[in-house]
Amino acid sequence: MKHNLMIKSMRALACMMLALLVVSCSMLSRNADDIINDMRDARNAQYVNVGSGLLGLGRLISPTLYDAKIGITSVQLLDLSKCNVSVREKFRKRVQNLYKSRYYEEVMTTQRDYDQQTVLVRRDGEYISEIVIANANGTSDTMLVINGHINTDNLERIINDQANYFNN
């Protein structure tokens, strides 16, 4: 009798630990890198990763960011505008889940009809370690992820410069 009770309690403990593992893994997968890694291999998806070496050439793309010397270490861009509707819908749902993540803070959202642009940040103390700019509309779904050790004073400068990222 004692042996059966002990086996049942061990099973309950093992099930609870497994459930905790599943929940924690699902919470960890709610970040922009996971979305990009999952979606960049979709058919017709376009993905660019610019490391710190190429960022020195940033003056050609964005003089504002280059002049700011704001500590950007990498930039990733995912463009799903040529993908099918189901891939783009999946992307939009995953971006919506970022709002719910406790790791991101919403800085700005603009919405006009079907167009929505959102800026989320992940803070590391008084600095920003990640800026996510997601653009979803009827013809284009894109995500820009800027990583680094960015001073909060430069956040407005980056957000104002975002129009240069999404011009086709």
### Partner residues of T110 under the side-chain hydrogen bond (donor to acceptor under 3.5 Å, both in side chains) criterion, sequence neighbours left out
none
### Test side chain to side chain contact (heavy atoms under 4.5 Å, CB included) applied to N31 and Y104, step by step
CA-CA 8 Å; N31 66 43; Y104 288 96; 3.5 Å; yes
### Query
Quick one: CD on Q96 to OG1 on T118, what's the gap to the nearest 0.5 Å?
7.0 Å
### Summary
CD of E130 to OG of S74, rounded to nearest 0.5 Å, is 9.0 Å
### Query
Roughly how far, to the nearest 0.5 Å, is the NZ atom of K93 from the CG atom of L98?
15.0 Å
### Residue from I36, L144, V48 passing side-chain contact (heavy atoms from CB on, under 4.5 Å) with L78
I36
### Query
Between S129 and D124, which heavy-atom pair has the shortest distance, and what is it?
CB-CB, 4.0 Å
### Query
Between CZ of R40 and CG of D79, what distance do you get to the nearest 0.5 Å?
15.0 Å
### Query
What pair of heavy atoms forms the shortest contact from L80 to A45, and how long is it?
CD2-CB, 3.5 Å
### Query
Partners of Y127 by side-chain contact (heavy atoms from CB on, under 4.5 Å), sequence neighbours excluded?
H149, N151
### Query
If you measure from CD1 on I146 to CG on L77, what distance do you get to the nearest 0.5 Å?
10.0 Å
### Message
Within this structure, what is the CG-CE distance for the pair L120 and M108, rounded to the nearest 0.5 Å?
### Response
10.0 Å
### Query
Taking atom types as modelled and ignoring hydrogens, do the side chains of N147 and T73 form a donor-acceptor contact shorter than 3.5 angstrom?
no
### Query
Do the side chains of V132 and I35 get nearer than 4.5 Å, heavy atoms only?
no
### Query
Any side-chain heavy atom of M143 within less than 4.5 Å of one from F91?
yes
### With sequence neighbours excluded, residues passing side-chain contact (heavy atoms from CB on, under 4.5 Å) with D38
R94
### Query
Is the shortest heavy-atom distance from the side chain of N84 to the side chain of R43 under 4.5 Å?
no
## Note on the structure
Smallest heavy-atom separation, M39 atom then V87 atom, equals CE-O, 3.2 Å
### Query
What is the minimum heavy-atom distance between V95 and A134, and which atoms define it?
CG1-CB, 3.8 Å
